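As the structure lists them, so they are numbered: ligands from 1, and atoms in each ligand from 1. As the structure is a computational prediction, the values presented were derived from the model and not from experiment. Heads up: numbering here begins at 1 and tracks the sequence.
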Amino acid sequence: MIECRNVSFAYEPGQKALDGVTFRVGPGEAVGLIGANGAGKSTLMKALLGLIECEGEILVDGRRVEKRTLADIRRRLGFVMQDSDDQMFMPTVYEDMLFGPMNYGLSREKAEARADAALERLGLQALRHRHNHRLSGGEKRMAAIATILAMEPAALLMDEPTSALDPYNRRRVIEIVRGLPQTRLIASHDLDMILDTCDRVLLLSGGRVAADGPADVLLRDRALLEAHRLELPLSLAGR
Ligand SMILES: Nc1ncnc2c1ncn2[C@@H]1O[C@H](COP(=O)(O)OP(=O)(O)OP(=O)(O)O)[C@@H](O)[C@H]1O
Ligand SMILES: [Mg+2]
């Protein structure tokens, strides 16, 4: 479903933010992307969306990510970016949620049914007609998640989906993400959330894949995590 072959990228000449990244994520798999600040997680997400031009090869659903295929690929990938202000086009939460599905050919009626279902699932009915730029940080994050659920994409890329969420909303998002049938790639420092939602973990360090394996093995490996400036998830820290 998602495949990177020897992907490299540098924002500044000589400073590689991604350095020979290779991995593949199968259909329906949930993979956590972890790593210290600056490890390259958001850069990898941008690469998968075709927002930056990399060396190497990236395939999404069998299609190579390149200028020619971008529109098609973005329709297959729902994404929550680290800064949700970057991904809102329309003034209100509801209009923003209708924009994607209608842009891809759904009738207004069908798009509204999807948007209503997503708002209800996340308990966000009260935000429906609110202005995006007048929402709190956590409300914006929840609205961005509702928007991609309404799109029903083939795969989801989520960059820090639980940052800024209160414990109740965080738990709600975890339950929903865990139950989704789609392929999911989730970048986060919330390793408890990764443990709850992902079967597999990719550890990035200095733009390279430092480890790739089962979540309940890698997230228990204190030496590995600490070597890459991470810590055991609280639920495994054994107080
Ligand atoms: N727009 C940019 N211009 C120049 N360098 C950048 C830019 N964005 C990121 N970088 C650099 O690229 C490297 C990878 O950054 P990236 O944002 O991918 O890290 P990250 O793993 O998402 O970190 P965080 O956990 O802080 O979100 C870092 O060294 C960062 O300073
Ligand atoms: Mg980031």
With a cut-off of 6.0 Å (strictly less than), are more than 12 heavy atoms of other residues, nucleotides or ligands near [atom1] of [X]?
X	atom1	value
Glu231	CD	no
Glu66	CD	yes
Tyr11	OH	yes
Arg128	CZ	yes
Gln125	CD	yes

(request) Please confirm whether His189 comes under 4.0 Å of ligand 1, counting heavy atoms of the residue only. (result)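 Yes, His189 has heavy atoms under 4.0 Å from ligand 1.
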(message) Under 4.0 Å, counting heavy atoms only: does Ala36 come that close to any atom of ligand 1?
(response)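 Yes, that is the case, since the closest heavy atom of the residue is under 4.0 Å from the ligand.
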Shortest protein contact, [atom] (heavy atom only):
atom	value
atom 27 (O) of ligand 1	Gln82 NE2, 3.0 Å
atom 13 (C) of ligand 1	Gly38 O, 3.6 Å
atom 26 (O) of ligand 1	Asn37 ND2, 2.9 Å
atom 2 (C) of ligand 1	Tyr11 CD2, 3.4 Å

(message) Tell me the contacting part of Glu160 for ligand 1: side chain, backbone, both, or neither, using a 4.0 Å heavy-atom threshold, strictly below.
(response)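 For Glu160, no heavy atom sits under 4.0 Å from ligand 1.
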(request) Report the C-alpha distance between Lys67 and Glu53 in whole Å, list the side-chain angles of each, state the deciding distance to 0.1 Å, and finish with yes or no for salt bridge (Lys or Arg N to Asp or Glu O under 4.0 Å). (result) CA-CA 9 Å; Lys67 281 209 178 83; Glu53 232 172 291; 3.4 Å; yes
(message) As a test of the contact definition, would atom 31 (O) of ligand 1 count as having a protein heavy-atom neighbour under 4.0 Å?
(response) no
(message) As a test of the contact definition, would atom 6 (C) of ligand 1 count as having a protein heavy-atom neighbour under 4.0 Å?
(response) yes
(request) Take Val173 and Met142 through the test side chain to side chain contact (heavy atoms under 4.5 Å, CB included) and record every step on the way to the result. (result) CA-CA 8 Å; Val173 165; Met142 290 295 280; 3.6 Å; yes
(message) Just so I know, are the side chains of Leu185 and Leu156 near enough to count as touching, which here means a heavy-atom distance under 4.5 Å?
(response) no
(request) Measure from the Mg ion (ligand 2) to each N, O or S atom of Gln82 and report whether any distance is below 2.8 Å. (result) yes
(message) Regarding Ser42, does it place an N, O or S atom less than 2.8 Å from the Mg ion (ligand 2)?
(response) yes
(message) Please find the pair of heavy atoms, one from Leu165 and one from Gly138, that lie closest to each other, and give the distance.
(response)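 What the structure gives for the nearest pair is CD2-O, 3.6 Å.
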(request) Would you confirm whether Arg178, through its side chain, and Asp196, through its main-chain N or O, come within 3.5 Å as a donor-acceptor pair? (result) yes
(message) Counting only heavy atoms, tell me which of Thr43, Asp159, Ile52 gets closest to atom 16 (P) of ligand 1.
(response) Thr43
(request) Look at atom 22 (O) of ligand 1 and find which of Ala47, Ser205, Ser42 reaches it with the closest heavy atom. (result)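 Shortest heavy-atom distance from atom 22 (O) of ligand 1: Ser42.
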(message) With nothing but distance in play, are any N or O atoms of Ala17 less than 3.5 Å from an N or O of ligand 1?
(response)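 In fact, backbone or side chain, Ala17 has no N or O that close.
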(message) So for ligand 1, is Lys41 a polar contact partner (N or O within less than 3.5 Å, distance only)?
(response) yes
(request) Check ligand 1 against Gly40 and write out every atom of the ligand that is under 4.0 Å from a heavy-atom position of the residue. (result) 14 (C), 18 (O), 19 (O), 20 (P), 21 (O)
